[in-house]
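Structure first, then comments.
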Amino acid sequence: MPALRVTPITAPAQSKAQASKSKPYSRTTTSTTKSKSKSETVSQPALPDSTLTFPTDLIARSRFKLPNGKAVTGHQWKVYDYILSIPVGKVTTYGHISTALSSSPRAVGGALRDNPFAPYIPCHRVIASSLFIGGFQGEWGKEDVTTEKGREESQKLAKKLRVLEEEGVNFDSKGKLIGGLEKVWNGE
DNA sequence: TTCCTGACGATTG
DNA sequence: ACAATCGCCAGGA
């Protein structure tokens with residue numbers, strides 16, 4: 001089965017300085033058309049994860065079924081593949097992704113909302129084009145997530161903020177990205 | 001197939 | 001700065 005086993009790894013607390021050189025994450029890909037099966041290394045942060053596998057080739061993907069029995073759509077695979085290349089320590093926006101994939105921001109949001117491979121597929125690195133924190137795990141963050149009360153109401157968003165903080169990406173008291181475009185990855 | 005709903009974004013008043 | 005509106009398009013019922 002040419003798929004990646006996403007093994008649970010304890011997340012090491014990363015500092016801003018370390019963020020850019022996180023431990024390489026290895027995955028193996030098997031080419032069915034060519035007998036050239038080889039493994040490639042992808043730079044990904046070590047994060048705890050579900051035990052779901054992330055298939056990388058068409059055959060495995062066509063066979064893939066979620067625990068609930070449903071399949072992952074072509075559009076979803078495209079979105080997941082794309083955000084997999086967002087560097088640690090950076091974020092990008094729904095708008096950018098939709099432009100890159102000739103989709104729409106709302107469709108991208110939908111794919112991320114249903115992301116079964118989180119956090120291996122780093123949907124937490126996607127924020128709103130206004131540079132506000134955006135959504136996570138099905139909830140849309142109010143742009144005021146940092147008041148004591150706001151945090152309690154949005155545990156999920158707080159988690160997204162925490163994960164990004166570990167990767168060296170911070171937000172101000174109103175939930176807006178600190179550092180502006182310096183922190184935004186645009187496909188290059 | 002048609003209709004409706006969204007982790008969005010850009011425009012407008 | 002903010003809220004209302006509309007365009008977007010992928011999925012699901």
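Proteins get letters first, then strands, A, B, ... in listed order; numbering begins at 1 in each.
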Could you go over nucleotides 5-8 of chain B and give all protein N or O partners under 3.5 Å, atom names and distances?
unit_1 : atom_1 : unit_2 : atom_2 : d
B:dG6  : O3'    : A:R113 : NH1    : 3.0
B:dG6  : N9     : A:R106 : NH2    : 3.1
B:dG6  : N7     : A:R106 : NH2    : 2.8
B:dA7  : OP1    : A:R113 : NE     : 3.3
B:dA7  : OP1    : A:R113 : NH1    : 2.5
B:dA7  : N7     : A:G138 : N      : 3.4
B:dA7  : N6     : A:L112 : O      : 3.0
B:dA7  : N3     : A:Y94  : OH     : 2.5
B:dA7  : N3     : A:G135 : O      : 3.2
B:dC8  : N4     : A:R106 : NH1    : 3.1

*Closer than 4.0 Å, any side-chain N/O of A:H75 to the OP1 or OP2 of C:dC9?*
no
*Grab the NZ-C1' distance between A:K176 and C:dC2 for me, whole Å please.*
14 Å
_Rounded distance (nearest 0.5 Å) linking atom CZ of A:R125 with atom OG1 of A:T93_ = 15.0 Å
*Nearest-Å distance, CG (A:L101) to C1' (C:dC8)?*
14 Å
*Side chains of A:Y80 and A:H75: do they bring a donor and an acceptor to under 3.5 Å?*
no
*Would A:R61 and A:D81 pass as an ion pair if we require N to O under 4.0 Å?*
yes
*Is the A:F64 to A:F117 ring centre distance short of 6.0 Å?*
yes
*To the nearest 0.5 Å, tell me how far A:N186 CG sits from A:T92 OG1.*
7.0 Å
*Is A:K70 touching bases, backbone alone, or none of the nucleic acid, heavy atoms closer than 4.0 Å?*
sugar-phosphate
*Please report, rounded to the nearest Å, how far the P atom of C:dA10 is from the CD1 atom of A:I97.*
15 Å
_Would you say CG of A:L58 has more than 12 non-hydrogen atoms from neighbouring residues, nucleotides or ligands within 6.0 angstrom?_
no
